[in-house]
Amino acid sequence: MKLPKTYTPSEYETDIYALWEKTEAFKPTGKGEPFTIVLPPPNANAPLHIGHALDFSLKDIIARYQRAKGSDVLVLPGADHAGFETQVVYEKHLAADGKSRFDFKREELYAQIWDFVQENKGVFESQMRKFGTSADWSHFTFTLDDKVVHTAYSVFKRLWDDGLIYRGERLVNYCTEHRTGFADIEVKYEDQNTPLYYMKYGPFTLATTRPETKFGDTAVAVHPDDERYKEYVGKVITVDGIQGPFDIQVVADKMVDRNFGTGVVKITPAHDQNDWEVAQRHSLPAIRVINHDGTMNHRAGQFEGMPVKEARKAVVEALKEKELLVKVDENYQNRVGTCYKCGTVIEPMLMDQWFINMQKLAQPAIKALREKKIRFYPEAKRAQTIDYLKNVRDWNISRQIAWGIPIPAFQNVDDPDEWIFDENVSEEIIERDGKHYRRDPDVFDTWFSSGQWPYVTLGYPNSDDYKQRYPTTFMEMGVDILYQWGARMICLGLYTTGEVPFKDLYLHGMVRSEDGRKMSKSLGNVINPSEVLNEHGSDALRMGIVAGRSPGDSAAYSQAKIVAGRNFCNKLWNIARFVEGMLEGKSASAKHAKAISPADHWMLSKLQHTTEVLSSHLDEYRVSEAYDTVYHFIWDNFADWYVEASKSELNPDLLLYGLEEVLKLAHPFAPFVTETIWQTLDQTGNSILATERWDKVLSHDDKKVAEFEEIRTIVTETRTIVSAMQLEKTALYHAPGAAFLVQHANLIAALAHIEGVHEVEDGKGLHLTSTSQKCWLDVDRERAERYVKKLASDREGAEKRLQGLKKRLENKNYVKQAPKELVEETKQQVAETEQLIQNMDGEIARFRQT
RNA sequence: GGGUUGUUAGCUCAGCUGGCUAGAGCACCUCGUUUACACCGAGGGGGUCGGGGGUUCGAGUCCCUCACAACCCACCA
């Protein structure tokens, strides 16, 4: 035997992937409908996690299916420089050496991280191969490739020229630890216990969680309809502060909640989003009191240089001393924005940054979504995306970090308000028309480049790929990045190209840990895909991770499902071993295959049906159901019945044909094991399974199919009786003249594991009730009587069913309104059930006579 | 505060446009080593589909409502 007894994935997978690459199996064929999947660019800094396994498996199953169907498939791989994320990882390395990013100039840091990424880039590329991803590596794109950067720059310029990008002073979410701003969407909110301080403030008492920002207060606000404070609105009041009395004005604004605290709010426009908005409405000045490193500035007087937290305590103490503190609510719960990487409380800071006017970009996107230019899987995510876009705020794309695409904007050194666009970002100072301009030291938010991924990777605007393949066909991502990636791609895609970037958007849920909790490093319940790959193989991981998963919903990782996948691979392997053994020394050819026996016809009808069902599932991306379909066809039909039948009635050509078709159907799900087997088949020559097409299934005769169904019925009931009655060495008997039973005697005996099927004159014995063939088992009277008890209980069930069916037919509305076929089917079922009951009654009566 | 999803067998979950006796994997019980496979084969037990109401000839599937859970969004100082 060429094949060993069990399939050991690790012995074959690397070679098989190399074979695919060598034979360029994943290169687009140039024939058929273009089908394009742009892979999300995984971060170039870290190994892949289990979520990636799901991500790549879903996409690759679809890709391989489409290839088999004859589409011109391109799976385009890439990598993301992942600006902030990568820098954070690199900073950890620096910290291990006792260094900090602030020890280096930006250019130095950039160069170091570049080298670091080059070293680590290979890790995830090799992992993508291990997952079996059928990507065309010649299309590989990195987000720092010239073409990406250049396109990002030209889109930036166009947005600028169109007035959709502006530079302005706004409140920015700022992490004082990482010293960079973020977009709104990147802020992680947590419920925190923050004491609520009630302090005297001129004639008022007001409640605040942030007494330390009082040095930046430029107003006090009350609700316009609040009778308590009406007399103060519009007036200037004198407040007794820590550093002596000062004057401040009172404004009325509906933002104030009269029921919160005392109904009076201090307004600190430079450090609070709400206050900033109030300040806009009332033309109030903004005064910064916090530095970028998180300490108080000179405005805080004696508190200058203190970190915010310390300053808060000190200010409270000072308030106490001056008897300005009224009371403290220690148990107050508040939602606080934090840095999603380090947990540091996000400080809203007043900063000059580049913003994209998202409301303008969102309008065409909302329209396209409403017009269903993109199909959503699951559909419910469409409304959520529209809802998000309706409320989306301007997008801050400036980041104060080293690792990223430098922003191609230069500021006039003599006129801070004058900015010019220039791609010459390697220069710090450039000269234009005798004026000097300094480069913006910031870089783009990573998502500004990855938001352009579909058209950038395809070579917008002039390449053939772009012309033929944009919009791409199938986009797939985790629901967690729907807004920051999916929605932005739609907005930017429509803006730049006038078209949506993809036709179908599939969103997968999160892979939770086996106990149903979120996977996280801190909980220590993270599953490492590499370990799963090494232990059970790539195919097992693919099948185990997609099994029983529906789009959009999070579901737990299941070791048992991985093992089930592994077992399925072994099943395929052993089917192949069996076929190999059966055909040894014979010259079988799938090309000459033709159905002869009932089993042959039955197998072909199942194959036909499976192919159709499988296609309909995969056309709608129902991957889990598709896998279930293939799994049960191969295991329950092909292996358990057709392979077993082949032991009695061998049709070498068709058996080989069946194996090949089985391998083709299973290939999208289990590419490695199926290709490994394919390569051992002599007659497939030098062909590559990954590039094989699904052909039309050979035709079958329904009459013959019905005959095999009859055989299965007889076999199944025989097995049940044999098992229930613990019969040994038994045989099936029939009266003379039963041609069907005579013809299939050997097959039935073999499948039912009985001694034989014999013709006898004497009709004593336990008759089968589920078949119209008259046959019986030689069962002694005592055991037969026991079996009849079980039969009687089965009869009850059948009777109940019959009553239900009859009732349905007695209902005039059912007969009138239900589809004709359904009514016909019901009638047939009534007849069948009546026959069954009659047969059962016959047996019951016979064994109760004496 | 707004929104979305979920609640189906002991566990993890499928069930697409309403229509066979509601399924799978694992677990469980009985039997079995028949040379493809014990990562196996045969047989079996187990669910009033979260509660209540409605639409329909027919509801796990559609509508309403309640309860519980998870997630997302939002400017309560």
Side-chain angles (χ1 to χ4, degrees), chain A residues 1 3 5-7 185 189 196 206-210 213 221 255-257 259-261 264-268 272-278 334-335 378 380-381 383-384 387-388 391 479-480 482-483 509-510 512 514 516 518 536 540 544 547-550 552-582 616-617 620 622 624-625 627-628 631-632 639-640 643-644 647 716 719-724 726 750 752-753 797-798 800-801 804-805 808 811-819 821-823 825-826 829 833:
Chain A
M1 286 245 169
L3 302 178
K5 201 165 170 180
T6 50
Y7 170 63
I185 203 168
Y189 287 90
L196 186 62
L206 57 74
T208 180
T209 55
R210 304 210 59 184
T213 62
M255 151 273 200
V256 179
D257 177 355
N259 300 318
F260 186 91
V264 183
V265 187
K266 69 186 194 65
I267 301 299
T268 322
D272 183 279
Q273 185 63 37
N274 273 328
D275 294 1
W276 170 256
E277 283 164 25
V278 172
N334 192 17
R335 253 182 108 61
K381 294 291 169 196
Q384 283 181 43
D387 199 49
Y388 169 76
N391 300 308
V479 283
D480 55 332
L482 170 60
Y483 299 150
M510 300 296 101
R512 287 199 306 253
E514 278 212 90
K518 216 171 167 173
H536 301 296
R549 216 170 257 282
S550 47
D553 280 333
S554 297
Y557 171 82
S558 163
Q559 165 88 10
K561 281 180 180 157
I562 305 288
V563 170
R566 195 249 348 231
N567 293 352
F568 182 58
C569 291
N570 201 51
K571 194 74 189 175
L572 285 164
W573 188 254
N574 275 290
I575 289 170
R577 287 182 74 225
F578 171 79
V579 174
E580 186 186 39
M582 289 299 274
S616 76
H617 283 319
E620 286 298 315
R622 292 190 295 264
S624 170
E625 290 94 319
Y627 167 57
D628 198 63
Y631 180 97
H632 288 288
D640 287 352
V643 163
E644 290 302 320
K647 290 175 182 174
T716 302
R719 283 170 176 175
T720 306
I721 295 170
V722 167
S723 174
Q726 302 184 334
H753 304 306
K800 235 181 176 174
R801 221 181 316 137
L805 291 167
R808 224 181 278 175
N811 186 331
K812 279 177 197 148
N813 285 323
Y814 174 70
V815 179
K816 212 161 61 185
Q817 292 180 48
E821 312 86 63
L822 196 67
V823 177
E825 205 181 304
T826 310
Q829 283 171 331
T833 312

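Note that the structure is predicted; figures quoted are calculated from it, not measured. Chain letters run A, B, ... following the sequence lines, proteins first, then strands; residues in each count from 1.
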_With no hydrogens and no angle check, just 3.5 Å: does a side-chain donor-acceptor pair link A:Asn811 and A:Arg808?_
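Side-chain D/A pair, A:Asn811 to A:Arg808: absent.
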
*Going by atom types alone, do A:Thr213 and A:Lys266 pair a side-chain donor with an acceptor below 3.5 Å?*
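On atom types as modelled, these side chains qualify, holding a pair under 3.5 Å.
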
*Any donor and acceptor pair, going by atom type alone, linking the side chain of A:Asp628 with main-chain N or O of A:Ser624 inside 3.5 Å?*
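Such a contact is absent between A:Asp628 side chain and A:Ser624 backbone.
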
Residue [X], side-chain atoms from C-beta onward, closest of [options]:
{"X": "A:Leu822", "options": "B:rC57, B:rG19, B:rC40", "result": "B:rG19"}
{"X": "A:Ala380", "options": "B:rU4, B:rC57, B:rC39", "result": "B:rU4"}
{"X": "A:Asn813", "options": "B:rC57, B:rC37, B:rA42", "result": "B:rC57"}
{"X": "A:Thr716", "options": "B:rA36, B:rC76, B:rG43", "result": "B:rG43"}
{"X": "A:Thr720", "options": "B:rC26, B:rG43, B:rC57", "result": "B:rG43"}
{"X": "A:His632", "options": "B:rU21, B:rU4, B:rA24", "result": "B:rA24"}
{"X": "A:Leu805", "options": "B:rC37, B:rU4, B:rU21", "result": "B:rU21"}
{"X": "A:Pro819", "options": "B:rC57, B:rG19, B:rA36", "result": "B:rG19"}

When we call it a touch if two heavy atoms are under 4.0 Å apart, what does [X] touch: a base, just sugar-phosphate, or nothing?
{"X": "A:Gln817", "result": "base"}
{"X": "A:Val278", "result": "nothing"}
{"X": "A:Ala798", "result": "nothing"}
{"X": "A:Asn391", "result": "nothing"}
{"X": "A:Arg801", "result": "base"}
{"X": "A:Ala818", "result": "base"}

Quick one: does [X] reach the base of [N] with a side-chain donor-acceptor pair under 3.5 Å?
{"X": "A:Glu644", "N": "B:rA36", "result": "yes"}
{"X": "A:Lys571", "N": "B:rC37", "result": "yes"}
{"X": "A:Arg566", "N": "B:rC39", "result": "yes"}

Say you pick atom [atom1] in [N] and the same atom in [M]; how far apart are they, in whole Å?
{"N": "B:rU7", "M": "B:rC66", "atom1": "C1'", "answer": "14 Å"}
{"N": "B:rA42", "M": "B:rC62", "atom1": "C1'", "answer": "42 Å"}
{"N": "B:rG50", "M": "B:rU12", "atom1": "P", "answer": "15 Å"}

_Heavy-atom protein contacts under 4.0 Å, nucleotides 7-18 of chain B, coded B base, S sugar-phosphate only, - none_ = -----BSSSB--

*Would you give a per-nucleotide map of nucleotides 27-35 of chain B, 5' to 3', where B means the base has a protein non-hydrogen atom under 4.0 Å away, S means only the sugar-phosphate does, and - means neither?*
---S---B-

*Give, for atom OG1 of A:Thr268 and atom CZ of A:Arg210, the distance between the pair rounded to the nearest 0.5 Å.*
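Separation between the atoms: 8.0 Å.
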
_For a quick test of reading the model, state the closest non-hydrogen atom pair linking A:Ala207 to A:Gly261 and the distance between them._
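Scanning both residues, the minimum pair turns out to be CB-CA, 4.0 Å.
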
*Does a nitrogen or oxygen in the side chain of A:Asn567 sit under 4.0 Å from OP1 or OP2 of B:rC40?*
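Indeed, a polar side-chain atom of A:Asn567 lies that close.
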
*Nucleotide opposite B:rA59 in a Watson-Crick or G-U pair, distances under 3.5 Å*: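 Answer to the pairing question: none, since B:rA59 forms no Watson-Crick or G-U pair.
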
